[in-house]
Amino acid sequence: MELSPASRPSRIDLVDILRGIAIAAMVVYHFSWDLSFYGFVPWDVDSDPGWRWFARLIAGSFLFLVGVSLELAHRKGIRWSPFFTRLAVLVVAAALVSVATYLTFPDAWIYFGILHCIAAASLIALPSVRAPLIVPIALSALFFALPFVVQFDVFDAPWLAWVGLGSLPPPPANDYEPIFPWVGCTFAGVAVARIALAVRPREAWSRFRARDGATRMIAWSGRQSLWIYLAHQPILFGLVGLVALGVPSQRAATDQERATFVAACVDRCTPLLGNRTSCRSICVCAADDIEEAGLWQRTVNQTLRPQDQDRIDQIVEACGLQIQGEPPNVSGRQ
């Protein structure tokens, strides 16, 4: 995201380059997530520790650069008009992300993701740019430490999950950066920018310029990062989805996915056959054959085409005949 609340002349190319690197990393992460979602790669981006840390580093870098940009833009006096203009754009963009993800992933919609946190961090950290250096340093430490020291039951309410101080896991979301500890990255950015400017005057930093084409492209993407952020995932997700319509997924089923599938299958089968043991055998057989047919990820994601559903019906029927000679209707069709 283009996170600076200032107008273009208040930014230096070095910050644009750092932001461009961050947005490039985010595109890589989201493309990998899309490939994982549609089953084209063997790793699970949502749960793999390496990918989760990669996502945290990307989010942290954006929020850190918010602090840097705030310090560069407002260290000589808060420029209210450009600040509130940029804040309004961020709020609208965050709302669009929430609406779009609620329509697409209602069970894991983004109610407080990176854009929401950036908007909140901009407001919360703005006063610190005019405060003594110890203030952003102390607040950064406080925001990082507090969630690991105290939790409050009052923040367990779903509508307060954005605070990040609840004692229970928050509602599921495809992107979640609560106020605590993430705004600590923004305070850290304010402090680091203040120290850097004290060590080396801004005029010295501003002499850095992107000279080659690749660096200029990265700097340009840093200046356009908000729009790249809003556009890239719908485009990537749609393109990978189109490819998935013609190419079967080969990702292996996880133990949890198999257990969930088999349990739901058994629950549908048992009233029809009256024999839970036979139904379990049929459903385990069906899970094996669905995975072998390359239809597992589409089944889990509920993105089956009519011909895929026909193939699954055939698999279930074959398993039913194999187990006891009578195919149950466990596919969900009437």
Side-chain angles (χ1 to χ4, degrees), residues 1 3-5 18-19 22 25-26 29 46-47 49-71 74 78 83-84 86-87 90-91 93-95 97-98 101-102 108-195 226 229:
M1 285 62 43
L3 309 180
S4 171
L18 294 175
R19 195 180 292 117
M26 179 170 283
Y29 174 81
D46 277 332
S47 60
W51 282 106
R52 289 176 67 87
W53 275 108
F54 184 47
R56 292 187 182 110
L57 287 172
I58 295 169
S61 67
F62 277 123
L63 288 159
F64 177 85
L65 290 171
V66 170
V68 173
S69 296
L70 286 171
E71 179 65 25
H74 304 293
I78 296 177
F83 174 80
F84 280 117
R86 192 61 189 161
L87 183 65
L90 284 169
V91 169
V97 169
S98 291
T101 55
Y102 184 79
W109 65 290
I110 299 174
Y111 53 86
F112 205 83
I114 185 66
L115 287 183
H116 305 72
C117 191
I118 286 170
S122 299
L123 274 174
I124 294 170
L126 180 63
S128 70
V129 304
R130 304 290 294 161
L133 177 60
I134 189 61
V135 172
I137 293 176
L139 288 173
S140 178
L142 176 66
F143 272 71
F144 280 127
L146 200 60
F148 302 99
V149 176
V150 296
Q151 291 87 36
F152 302 98
D153 293 343
V154 66
F155 294 117
D156 290 335
W159 63 277
L160 289 175
W162 55 273
V163 177
L165 291 178
S167 58
L168 298 176
N174 283 328
D175 184 27
Y176 174 63
E177 278 83 30
I179 297 295
F180 292 90
W182 288 101
V183 176
C185 296
T186 303
F187 283 117
V190 171
V192 169
R194 183 90 56 85
I195 293 170
L226 174 59
Y229 172 80

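Just so it is clear, the model here is predicted, and its values are computed rather than measured. Note that the numbering runs from 1 along the sequence shown for the chain.
With a 4.5 Å cut-off on side-chain heavy atoms, Phe112 and Pro170 do not count as touching. Side-chain contact check for Leu63 versus Val183: every heavy-atom pair is 4.5 Å or farther apart. Residues Ile114 and Trp182 have side chains not in contact (no heavy-atom distance under 4.5 Å, counting atoms from C-beta outward).
A donor-acceptor pair is defined here as one N or O able to donate and one able to accept, closer than 3.5 Å; no such pair exists between the side chain of Thr186 and the backbone of Ala121. Of the possible donor and acceptor atoms, one in the side chain of Ser61 sits under 3.5 Å from a partner among the backbone N and O of Ile58. At distances below 3.5 Å, at least one donor-acceptor pair connects side-chain atoms of Asp156 with backbone N or O atoms of Leu168.
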Output side-chain donor-acceptor pairs under 3.5 Å for residues 125-154, partner residues at least two apart or in another chain, one line each.
from	atom 1	to	atom 2	distance (Å)
Ser128	OG	Ala125	O	2.6
Arg130	NH1	Arg75	O	2.4
Ser140	OG	Gly184	O	2.9
Gln151	NE2	Pro147	O	2.6
Asp153	OD1	Ser167	OG	3.0

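Minimum interatomic distance between Glu177 and Gly113 (heavy atoms only, all atoms of both residues): OE1-C, 3.4 Å. When every heavy atom of Met26 is checked against every heavy atom of Phe62, the shortest pair comes out as CE-CE1, 3.3 Å.
Take Ser98 and apply the side chain to side chain donor-acceptor pair (under 3.5 Å) test, not counting sequence neighbours, and it matches His116. Every side chain to side chain contact (heavy atoms under 4.5 Å, CB included) that Pro158 has, sequence neighbours left out, goes to Pro171.
Taken from CD1 in Ile124 to CD1 in Ile179, the straight-line distance is 4.0 Å, to the nearest 0.5 Å. To the nearest 0.5 Å, atoms CZ (Phe187) and CZ (Phe64) are separated by 14.0 Å. The distance from the CG atom of Leu165 to the CG atom of Leu160 is 10.5 Å, given to the nearest 0.5 Å. Here the OH atom belonging to Tyr29 is positioned 8.5 Å from the CH2 atom belonging to Trp51, to the nearest 0.5 angstrom. Once rounded to the nearest 0.5 Å, the distance linking CG of Leu70 with CZ of Phe83 reads 6.5 Å. Within the model, atoms CZ of Phe84 and CG of Leu90 stand 12.5 Å from one another, a figure rounded to the nearest 0.5 Å.
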Quick one: do Leu65 and Leu18 satisfy side chain to side chain contact (heavy atoms under 4.5 Å, CB included)? Show the steps, please.
CA-CA 8 Å; Leu65 290 171; Leu18 294 175; 4.1 Å; yes

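Ring geometry for Tyr102 versus Trp109: interplanar angle over 60°, hence perpendicular rather than tilted (30 to 60°).
No hydrogens or angles considered: nothing links the side chains of Ser122 and Arg86 as a donor-acceptor pair under 3.5 Å.
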